[in-house]
Protein chains: 2
Amino acid sequence: MNSKSKSGPSSDNAEKFPALSNEKLQYIEESGLMFETLGMTRMTGRVFGYLIICDLDAASFDQIREAVRASKGSISGTLKQLMQIDFVEAISYPGDRKTYYRPTKVSIGTLLNSRNYQTKMFSDSLQKARSLKSREDDVSDWLLEVSCFYEWIGKRLADLVEEWETIKVSHLKKKQNAEKNNHHINIYRNKLNNS
Amino acid sequence: MNSKSKSGPSSDNAEKFPALSNEKLQYIEESGLMFETLGMTRMTGRVFGYLIICDLDAASFDQIREAVRASKGSISGTLKQLMQIDFVEAISYPGDRKTYYRPTKVSIGTLLNSRNYQTKMFSDSLQKARSLKSREDDVSDWLLEVSCFYEWIGKRLADLVEEWETIKVSHLKKKQNAEKNNHHINIYRNKLNNS
DNA sequence: CATTTAGTTCAAAATATACTGAACATTAAA
DNA sequence: TTTAATGTTCAGTATATTTTGAACTAAATG
């Protein structure tokens, strides 16, 4: 035991583990459920959700653990999964034994590619199905069309990513301006809600 | 018991339940595993896989059951799921009490839309995360960019589907010609394999 | 070298999901 | 009205997945 912990559990704990608002805690759970419907685990969603809203440059193992209230083993495995799929990256600081974790700011192209992996698998399977058929019929026509479409659109998506890179700056400016204008509305809404 | 079943179990059973080649049986299992990685059940993949390769206009409940070797309850539930997500449709014939099932030849647009559902969910979640942050940083910039990109590309994909509709006929012709040329190669390959 | 920190590993428990099989519903035919 | 055909439903079981928690490693600190 060190002298700090004797001086009271919440004295400087609050600095290392800043309390999360109910909204944020709720978001973490929602993120968990969403990741579940995407075929990942609830815990990966919780951890990723925490990392993107925690307002820290990077969070420590125990900060994550505290925020999502899970066991060390669970956090350890979950972080590995998230790093494996490149959703999270680890960083470290000199003179600090801890590892810190933060969301990877994956490029749009990478995001789209991982999405396309499943599509490719599906499309390949349909093509194989067609090759196994012993007659040509409506189904084999459909199988051909669908797998051709996916092949075609795979190429087209790559073009779109390039196009996005060229237009994104102006596009994002528009969006941010729209947001500023909405800000007044939000303040007005809050006043209404609090009345 | 009717007279038919007394005359021997495999007499005309073979007509109603034509034996599937090993390749097809294997495909059914592969399809099951693939659907599993897509977040659906193995059984939905088996049943859908069977329906697209069975070379029947439509398969009866018991033909499906026989092909995938599952219980009636399982087939019943699985077919409902597949119909729910519009992968399979039921048809019936006058004077026949059975229901027959066949793969829905869903339009390309519909296929893409259902794929986009998950993306939308993910994108909305990122936007919400950004609104919960109490500071602007690299992460909030990234959150904005990603959710904007998905919004933008959603619109662009709709254009691509339209484009596909206009070019698909000529595109498919090309593909089919390429296939015919490959056919000679496949025959040659088979000879090599059988030697 | 003993202790603390920071995490990893893995067997077992908890939980979630899918599947079976038997009882049931419904319609048609005998 | 009885029997048969065609499924459906659902409780229980089987299976798979996630999470815990305790024992462990490895490195730094006193």
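To find a chain, count down the sequence lines: A is the first, B the second, and so on, and within it residues start at 1. Bear in mind that the values here come from a model prediction, so they are computed numbers and not experimental data.
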Engineer: Heavy atoms, side chains only, cut-off 4.5 Å: are Asp57(A) and Asp138(B) in contact?
Structural biologist: no
Engineer: Quick one: Glu66(A) CD to dA6(C) P, roughly how many Å, whole number?
Structural biologist: 15 Å
Engineer: Is there a side-chain contact between Ser71(A) and the phosphate of dG21(D), meaning an N or O under 4.0 Å from OP1 or OP2?
Structural biologist: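 So the side-chain polar atoms of Ser71(A) never come under 4.0 Å of the phosphate oxygens OP1 or OP2 of dG21(D).
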Engineer: Hey, does the side-chain of Arg97(B) have a donor or acceptor N/O within less than 3.5 Å of a partner on the base of dT6(D)?
Structural biologist: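 Counting by modelled atom types and ignoring angles, no donor-acceptor contact under 3.5 Å is found here.
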Engineer: Find the distance Tyr100(A):OH to dA6(C):C1' and express it as a whole number of Å.
Structural biologist: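 Atom-to-atom, Tyr100(A) to dA6(C), this comes out as 11 Å.
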Engineer: Other hydrophobic cluster members with Tyr117(B), side-chain heavy atoms of Ile/Leu/Val/Met/Phe/Trp/Tyr under 4.5 Å, chained?
Structural biologist: none
Engineer: Of all the choices, dG7(D), dA6(C), dT9(C), which nucleotide is nearest to the side chain of Tyr101(B) once you look at every atom?
Structural biologist: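 Minimum distance to the Tyr101(B) side chain belongs to dG7(D).
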Engineer: Rounded to the nearest angstrom, tell me the gap between atom CZ in Arg65(B) and atom P in dT20(C).
Structural biologist: 9 Å
Engineer: Any idea which of dT8(C), dT8(D), dT29(D) is nearest the Phe61(B) side chain?
Structural biologist: dT8(D)
Engineer: Report the distance from atom CD1 of Ile75(A) to atom P of dT18(D), rounded to the nearest whole Å.
Structural biologist: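 So the CD1-P distance, Ile75(A) to dT18(D), works out to 15 Å.
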Engineer: Does one side chain, of Glu163(A) or Trp152(B), offer a donor that lies under 3.5 Å from an acceptor on the other?
Structural biologist: no
Engineer: What's the CD-C1' distance between Gln81(A) and dT8(C), to the nearest Å?
Structural biologist: 15 Å
Engineer: Picking from dT8(C), dG7(D), dT18(D), which would you name as closest to the side chain of Thr41(A)?
Structural biologist: dT18(D)
Engineer: Using whole Å, what does the distance between atom C1' of nucleotide dT18(D) and atom CG of Leu79(A) come to?
Structural biologist: 15 Å
Engineer: Given dG7(C), is OP1 or OP2 found less than 4.0 Å from the side-chain N or O atoms of Lys72(A)?
Structural biologist: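 Looking at the OP1 and OP2 atoms of dG7(C), neither is under 4.0 Å from any side-chain N or O of Lys72(A).
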Engineer: Indicate whether OP1 or OP2 belonging to dG7(D) is found under 4.0 Å from a side-chain N or O atom of Lys80(B).
Structural biologist: no
Engineer: For dG7(C), does OP1 or OP2 lie under 4.0 Å from any side-chain N or O of Ser76(A)?
Structural biologist: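 Checking Ser76(A) against dG7(C): no side-chain N or O falls below 4.0 Å of OP1 or OP2.
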Engineer: If you find the nucleotide of DNA chain C closest to Asp96(A) and the one closest to Glu36(A), which residue's nucleotide is nearer the 5' end?
Structural biologist: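 Closer to the 5' end of DNA chain C: Asp96(A).
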Engineer: Closest approach to the side chain of Arg42(B), judged atom by atom: which nucleotide of dC19(C), dT6(D), dG7(D) is it?
Structural biologist: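 Nucleotide nearest to Arg42(B)'s side chain: dC19(C).
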Engineer: Could you tell me whether Arg69(A) and Glu66(A) have a side-chain N and a carboxylate O separated by less than 4.0 Å?
Structural biologist: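 Looking at Glu66(A) together with Arg69(A), the answer is yes, because their closest N to O distance falls below 4.0 Å.
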Engineer: For dT6(D) and Ser60(B) - does any side-chain N or O of the residue sit under 4.0 Å from the phosphate oxygens OP1/OP2?
Structural biologist: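 False: Ser60(B) side-chain N/O out of range (4.0 Å or more) of dT6(D) OP1/OP2.
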Engineer: List, by chain and number, the other hydrophobic cluster members for Ile91(B), where Ile, Leu, Val, Met, Phe, Trp and Tyr join if side-chain heavy atoms come within less than 4.5 Å, directly or indirectly.
Structural biologist: Tyr93(B), Tyr100(B)
Engineer: Roughly how many Å is it from CD in Gln63(A) to P in dA6(C), rounded to a whole number?
Structural biologist: 11 Å
